[in-house]
Peer 1: 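To start, I am sharing the structure in question, which I have written as structure tokens.
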Protein chains: 2
Amino acid sequence: MNATSTPGLKRLAPSGPGPLYRQARRELQRLVESGRYAPGDALPSESAIAGALGVSIGTLRKAVDELVHEHVLVRRQGKGTFVAVHNDDRFLFQFFHVEPRDDFNGEAELREREYPQVECVAFTRGRADDAEAAALRIRPGDAVVRVDNRLSLSGRPVVHDRIVVAGMTFKGLSEKRFRERPSTIYNLYQTDHGITVLRARERARATAAGRETARILGVAIGRPVLEVHRVALTFGDKPVEYRISTINTASHDYVSLLSKRA
Amino acid sequence: MNATSTPGLKRLAPSGPGPLYRQARRELQRLVESGRYAPGDALPSESAIAGALGVSIGTLRKAVDELVHEHVLVRRQGKGTFVAVHNDDRFLFQFFHVEPRDDFNGEAELREREYPQVECVAFTRGRADDAEAAALRIRPGDAVVRVDNRLSLSGRPVVHDRIVVAGMTFKGLSEKRFRERPSTIYNLYQTDHGITVLRARERARATAAGRETARILGVAIGRPVLEVHRVALTFGDKPVEYRISTINTASHDYVSLLSKRA
DNA sequence: CCCAATTTGTTCGTATGTATA
DNA sequence: TTATACATACGAACAAATTGG
């Protein structure tokens, strides 16, 4: 019996697999994934968790360090440790990378970035084709939801997003709820379906604008456009969203910052 | 007087700016930047460094942790801590991201990747134009070296690289040395000019192939190609290389993995 | 406005485990 | 086997931020 009440944690086995701080990390991750602690929730204090797990405070901190580094948790000095919420600028722009053309004149990292204006042009249900099934690791023919969004910057359409998710994973997803979401799409995934997008794999290529792209983005058929195929991943690198972004790069760029390990 | 001889480190001030482990980190970084410890060199042991700096071993380890995370240092248990050398696969592919088309069928991260065959088609000296000057943060008209490379995968040309560096920064760079480099270009920067590329900023866009691109890559004029503008950065985000990669994405993709903080 | 309690952040030191030569 | 170096684990003390009284 702990005086502070045990916060849903089980004492770690004396000799589990790997270092102790990784066992502690897995235990915390399990609690977040299970929804026992939801996004925005405060975790028990470090000393309380360490006590419940039966590890030292330093070991527990090392476990939390890793989860903070992967954006699963957020620490605030004097307040506590929280399950990360993905609804602010930082997370929006972590996956939205289109900017006005500007050849390295300004400090790209410091410039004020404009929020895209999002317009949903289609919301349909259907069955996964081969490419969608491969990307989402489901079977061809499985139920999927497809959303087509048009993103505009400064009032001009720049990006067409075709978003595909598995119906199985996103059970209660309705068009109404999708259109009226208060924050970003990834925030909706998190709050409504308990799915946290941690990373994404992307493949980019140049293609000629087809009829539909030309119509939605207002460019001439055959003009070069940038096509970005993205698979968004959650815990365990499980794919949860397949998105094809078609970008008119006539006066905008697709921006990325490479660093650190892959 | 230390019994082990001081390895070029000065004792930290009692109340410098910021946390002690960041001061220690800056001190180590300074030593690497200055060339006092060259790529591949082993640093003194953690306890020796901690002793020389007058900090505890835990604090020193936290400083090293950060530098390891940024690929400045590499730790090897039982051997020591070394200044990172940028000549292996990991670093080559950290900045080379072109792969055969494959719509997320395989596990992209685990697949064997093919080395590009590099062919230098031009090596010229000239004066920086406005775009080059802005990217390299030099003055228009300053001396630059331009290199044009053709990269082939499976014998087919896929990428045209136009590389521009400041003549001031790369003093002794000769065509002969460049062509006969034993490893990657970034490894040459490091070994011959003491410049370590840590990160890169990129901007991608789709364009129509021009005459020169069509000739070098063997595509029809007007075909959509992917143009990636990259500025490679060293310590302090100082730009050291401006590179325009023109990629034939007819059967290849430009790949990236997004995660963590920007 | 200040004080006290709580929580994370930093620093210290020690002991032990594991990999390398 | 021994010595060295990094890796893990523990615990203590104090600093800094936050909150509520």
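Being a predicted model, the structure only gives us computed values, none of them experimental. Labels below follow one simple rule: chain letters A, B, ... track the order of the sequence lines, proteins then strands, and each chain is numbered from 1.
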Peer 1: Would the A/Y189 and A/F170 ring centres measure less than 6.0 Å apart?
Peer 2: yes
Peer 1: Using a 4.0 Å heavy-atom cut-off across all strands, classify A/G58 as base, sugar-phosphate, or nothing.
Peer 2: nothing
Peer 1: With a 3.5 Å distance limit and no angle check, can you tell me whether B/R179 reaches the backbone of B/K176 through a side-chain donor-acceptor pair?
Peer 2: no
Peer 1: Once hydrogens and angles are ignored, does a donor-acceptor distance under 3.5 Å link the base of C/dT18 to the side chain of B/Q77?
Peer 2: yes
Peer 1: So that I know where these two stand, are B/H69 and A/H69 an aromatic pair - ring centroids less than 6.0 Å apart?
Peer 2: yes
Peer 1: Quick one, B/R199 with B/D237, criterion salt bridge (charged side-chain N to carboxylate O under 4.0 Å, His left out). Give me CA distance, side-chain angles, the key distance, then yes/no.
Peer 2: CA-CA 8 Å; B/R199 314 191 298 151; B/D237 282 354; 2.6 Å; yes
Peer 1: Please report how far the helix from C/dC2-D/dG21 to C/dA21-D/dT2 bends, comparing the axis fitted to its first five pairs with the axis fitted to its last five, to the nearest 10 degrees.
Peer 2: 10°
Peer 1: I need the full list of salt bridge (Lys or Arg N to Asp or Glu O under 4.0 Å) pairs touching residues 53-62 of chain B, with sequence neighbours left out, sorted by first then second residue.
Peer 2: B/E46-B/R61
Peer 1: Categorize A/R61 for me: base, sugar-phosphate, or nothing, with a 4.0 angstrom heavy-atom threshold over every strand shown.
Peer 2: base
Peer 1: Take A/T59 and B/G78, find for each the nucleotide of DNA chain D with the closest heavy atom, and name the residue whose nucleotide sits nearer the 5' end.
Peer 2: B/G78
Peer 1: Give the ring-plane orientation class for A/Y242 versus A/H229, where under 30° counts as parallel, over 60° as perpendicular and anything between as tilted.
Peer 2: tilted
Peer 1: Once you apply a heavy-atom cut-off of 4.0 Å, does B/T81 come out as touching a base, just sugar-phosphate, or nothing?
Peer 2: sugar-phosphate
